[in-house]
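For reference, the structure discussed in these notes is given below.
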Amino acid sequence: MSAANTLRADLQLIADWVAPSSRVLDLGCGDGALLSWLNRHKAVRGYGVDFDVNNVVRCVQAGVNAIQGNLETGLAEFEDQRFDHVVLSQTIQAMHNTEQILVEMLRVGREAIVTFPNFGYWENRWQILQGHMPVSETIPYQWYNTPNIHWCMLGDFEALCAQNGIRVLERVVMNEAKRIHFLPNLRGSLAFYRVARQTA
Amino acid sequence: MSDLTRSVGIVQAQTAVFDTPLHLASGAVLPDYQLCFETYGTLNAARSNAILICHALSGHHHVAGRYTPEDKAAGWWDNMVGPGKPIDTDRFFVVGLNNLGGCHGSTGPSSINPATGQPWGSSFPVMTVPDWVCSQARLADRLGIDRWAAVIGGSLGGMQALQWSIDYPERVAHALVIASAPKLSAQNIAFNDVARQAILTDPDFHGGDYYAHDAIPRRGLRLARMLGHITYLSDDGMGEKFGRMLKSGDYQFGYEVEFEIESYLRYQGDKFSDYFDANTYLLMTKALDYFDPAKDLNDDIVAALKKATARFMVASFTSDWRFSPERSREIVKALVAADKEVVYGEIESVHGHDAFLMLDEPYVNLMRAYLNRVAEEVSA
């Protein structure tokens with residue numbers, strides 16, 4: 001059960017960005033921990049989306065409304081601008097249609113929150129220099145069985161946003177629950193972005 | 001963890017007689033009628049733990065348990081309804097009924113029309129899903145149930161659950177809409193019409209008044225059921241079960257039963273035509289065809305669902321091509337657009353449309369988790 005009052009540090013950072021009583025869509029919601037916490041502490045309304053029926057069941061057990069669906073095929077179930085926040089937490093690097101989901105998120109929502117493991121983190125770079133693909137706490141897979149197919153660093157993600165008319169509202173880079181301000185693309189293992197459509 | 005073996009045990013059907021005329025969508029009026037129903041579990045003091053089970057095309061009020069210990073078969077949803085089962089009769093008061101127009105004890109075409117002393121036959125009015133829901137609401141009144149903790153149905157039953165949430169928003173806390181659709185597609189209607197044609201063109205049909213001729217349009221009913229059965233199974237499921245298996249091991253170069261699938265379908269058709277009423281079959285398929293809660297709202301299903309205050313669980317099955325997952329997603333999309341709370345599960349299954357009556361594990365888990373939430377809300 002995810003009825004715990006403490007959230008994982010990275011989810012807590014996302015939760016802090018969510019306005020009380022807002023509408024939230026959590027893509028790749030897993031067991032519903034984030035939405036369950038937001039329901040109870042910020043009275044948000046919304047849905048989780050997950051590909052795995054077992055996660056839908058876990059969400060129901062946590063009191064979260066989850067809709068089983070495949071993010072790769074877009075967000076056809078959701079009309080334009082239905083949500084205040086659309087969250088995609090540590091999933092974008094595992095998606096085929098990376099650009100499409102980013103665009104879809106800002107079609108159905110006013111703001112998107114995207115988090116991903118920063119491939120530019122120095123430990124990753126160091127492992128590459130040593131001749132191996134990185135394996136770490138945030139990247140716990142071997143190259144041959146990883147679901148992660150679209151790695152990026154901070155600059156890459158920001159370039160993709162710019163290319164799609166998306167503006168970065170806020171960026172936080174963390175390493176083991178600590179915020180990194182100095183040399184974030186080198187010292188940060190996890191990146192958090194709050195983005196929105198560029199105003200015309 | 002899950003105890004699916006216990007049963008509600010020996011049950012008894014009850015009858016409720018209504019003498020308030022029922023005004024139907026067709027304009028016809030049913031002056032009086034009776035509804036056959038069964039209940040399982042105990043209604044709590046607050047009368048808040050009641051669940052209504054709506055049946056599909058060939059279903060009835062005998063949802064769970066047996067009438068005698070010798071009964072070979074239990075009720076049609078005995079695997080889902082009972083003590084410790086997902087629709088837990090230790091926590092809920094469960095009501096199953098036979099819909100009007102049925103042939104299992106509720107007033108229908110084979111009942112005697114008090115005005116003539118003869119079976120209704122062809123003069124029995126066509127029923128719609130909203131007509132049924134209205135009659136079910138009267139049964140709820142009779143049982144002292146102001147508000148259902150949940151209304152649950154698969155297929156045509158799911159349409160009734162959806163209609164309940166629209167027609168009596170204040171009387172439904174949760175609607176569980178399983179393997180259903182917001183309305184039939186042209187293909188669905190086409191299948192229904194072939195089934196109806198099989199019955200209507202049977203020489204023993206006598207325009208629907210076969211009772212007076214001591215006849216039964218058995219051939220038509222049998223064909224209708226065989227056709228229906230094909231659409232309830234998936235190609236893969238059928239292939240897995242029967243493949244190209246032959247009864248006698250080799251081709252006979254004739255038109256007798258050769259393939260196992262032929263044998264199975266004929267058996268199902270024969271069995272069905274022994275107990276089911278052809279007029280009821282016609283009526284049920286029409287109720288399916290007519291179901292369209294958005295029809296009077298410029299086809300705007302979102303507008304129709306805006307009225308609902310229930311929370312929803314929608315479920316579909318991957319191999320169901322009669323009411324495919326896409327159709328359930330239409331319901332989900334409309335519910336989201338109407339700003340309703342909804343849970344949606346798309347269950348991996350080889351059982352086709354019939355999967356809603358089976359026990360694929362994720363389906364059981366989803367039902368159990370959702371109904372546990374319902375029970376906790378009413379402290380059951």
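What's counted below: heavy atoms across the whole structure, side chains too, no hydrogens, waters or symmetry copies. Note that the coordinates shown come from a computational prediction; the quantities given were computed from them, not determined experimentally. Here is the naming used below: chain letters follow the sequence lines, and residue numbers restart at 1 for every chain.
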Distance-only check: which donor-acceptor pairs of chain B and chain A lie under 3.5 Å?
from	atom 1	to	atom 2	distance (Å)
B:R329	NE	A:E77	OE2	3.3
B:K333	NZ	A:A76	O	3.4
B:V336	O	A:R82	NH2	3.3
B:A337	O	A:R82	NH2	3.4
B:D339	OD1	A:R23	NH1	2.8
B:D339	OD2	A:R23	NH2	3.0
B:D339	OD2	A:R45	NH2	3.1
B:K340	O	A:Y47	OH	2.5
B:E341	OE1	A:N65	ND2	2.8
B:Y344	N	A:A66	O	2.9
B:Y344	O	A:Q68	N	2.8
B:E346	N	A:Q68	OE1	2.5
B:E346	O	A:Q68	NE2	3.2
B:R373	NH2	A:N65	OD1	2.6

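Contact detail for A:V53 and B:P362: the closest heavy-atom pair is CG1-CB, 3.6 Å.
The parts of B:V336 that come within reach of chain A are both its backbone and its side chain, each placing non-hydrogen atoms under 4.5 angstrom from that chain. Neither the backbone nor the side chain of A:V49 has a heavy atom closer than 4.5 Å to any heavy atom of chain B.
In this structure, the side chains of A:I67 and B:V343 stay at 4.5 Å or more apart for every pair of heavy atoms.
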